[in-house]
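All values reported here derive from a predicted model rather than from experimental measurement.
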Amino acid sequence: MELIGAFGQIAASRQAAKANRAAGQADAEALRAKAEEAESKAKDEELLRLQNLRLTMATQRAYWAAAGLDASTGSPTTIANRSLETFKLDQGAALINTRAQIRSFNNQANNAIKIGNIRAKGSIMAGYAGAANTIADSM
């Protein structure tokens, strides 16, 4: 009778191990989806920054034309160059942040798989230990 209980513990531990592995995989998939979402969001934000740059520069050109300024010399060119520099700095910072975020999500996904596998091994070891105790107690 104890052998049946021992085999039951082993079977239950294997089911728990399977569930732990599946949970690790599910967590990993969710994190990888977040990484893809972060990349997509970054592309959208890049497009918005580019649109804002174009709008700013068009507004500046319209203002200069209305004021009778020559956009090829003096401060209008300096202002336009600064707008472009700001855009480039924003793009660079966003790229660094997005890459770090994607790397973090992918690292977390890899760790979720490892944790699921560790928990699975723990479940199996607990099942065998329980089975061994059950058998030892019956003797």
Inset, instruction - To the nearest 0.5 angstrom, please state how far the NZ atom of Lys43 sits from the CG atom of Leu47. - result: 12.0 Å
Inset, instruction - For residues Asn106 and Ala35, report the shortest heavy-atom separation together with the two atoms involved. - result: OD1-CB, 3.9 Å
Inset, instruction - Any chance you could measure Ile102, atom CD1, to Glu36, atom CD, to the nearest 0.5 Å? - result: 9.0 Å
Legend entry - Side chains of Glu46 and Arg49 in contact at under 4.5 Å (non-hydrogen atoms): yes
Inset, instruction - Apply side-chain contact (heavy atoms from CB on, under 4.5 Å) to the pair Leu50 and Arg54, showing each step before the final yes or no. - result: CA-CA 6 Å; Leu50 185 58; Arg54 289 178 179 159; 3.6 Å; yes
Inset, instruction - Could you pull out the closest heavy-atom pair between Ala17 and Ser123, with the gap in Å? - result: N-CB, 3.8 Å
Inset, instruction - Could you tell me which non-hydrogen atom of Phe105 sits nearest to which non-hydrogen atom of Leu31, and how far apart they are? - result: CB-O, 3.5 Å
Inset, instruction - For residues Lys121 and Ile118, determine if any side-chain heavy atom of one lies less than 4.5 Å from a side-chain heavy atom of the other. - result: no
Inset, instruction - State whether the number of non-hydrogen atoms from other residues, nucleotides or ligands found under 6.0 Å of Arg32 atom CZ is greater than 12. - result: yes
Legend entry - Under 3.5 Å: donor-acceptor pair, side chain of Asp27, backbone of Ala112: no
Inset, instruction - Rounded to the nearest 0.5 Å, what's the gap from CZ on Arg119 to CD1 on Ile124? Could you check? - result: 15.0 Å
Legend entry - Distance in Å, Lys34 NZ paired with Lys41 NZ, rounded so as to fall on 0.5 Å steps: 12.0 Å
Legend entry - Any donor-acceptor N/O pair, Ser13 side chain to Ile10 backbone, under 3.5 Å: yes
Inset, instruction - Quick one: closest heavy-atom pair of Arg21 and Asn117, and the distance? - result: CG-OD1, 3.4 Å
Legend entry - N/O donor-acceptor pair under 3.5 Å between Ser104 side chain and Ala100 backbone: no
Inset, instruction - Using a 4.5 Å cut-off on heavy atoms from C-beta on, say whether the side chain of Gln91 contacts that of Leu95. - result: no
Inset, instruction - Assess whether atom CZ of Arg14 is packed by more than 12 heavy atoms of other residues, nucleotides or ligands within 6.0 Å. - result: no
Inset, instruction - For Thr56 and Asn52, indicate whether the former's side chain and the latter's backbone hold a donor-acceptor pair under 3.5 Å. - result: yes
Legend entry - From CG (Asp90) to CG (Leu48), nearest 0.5 Å: 12.5 Å
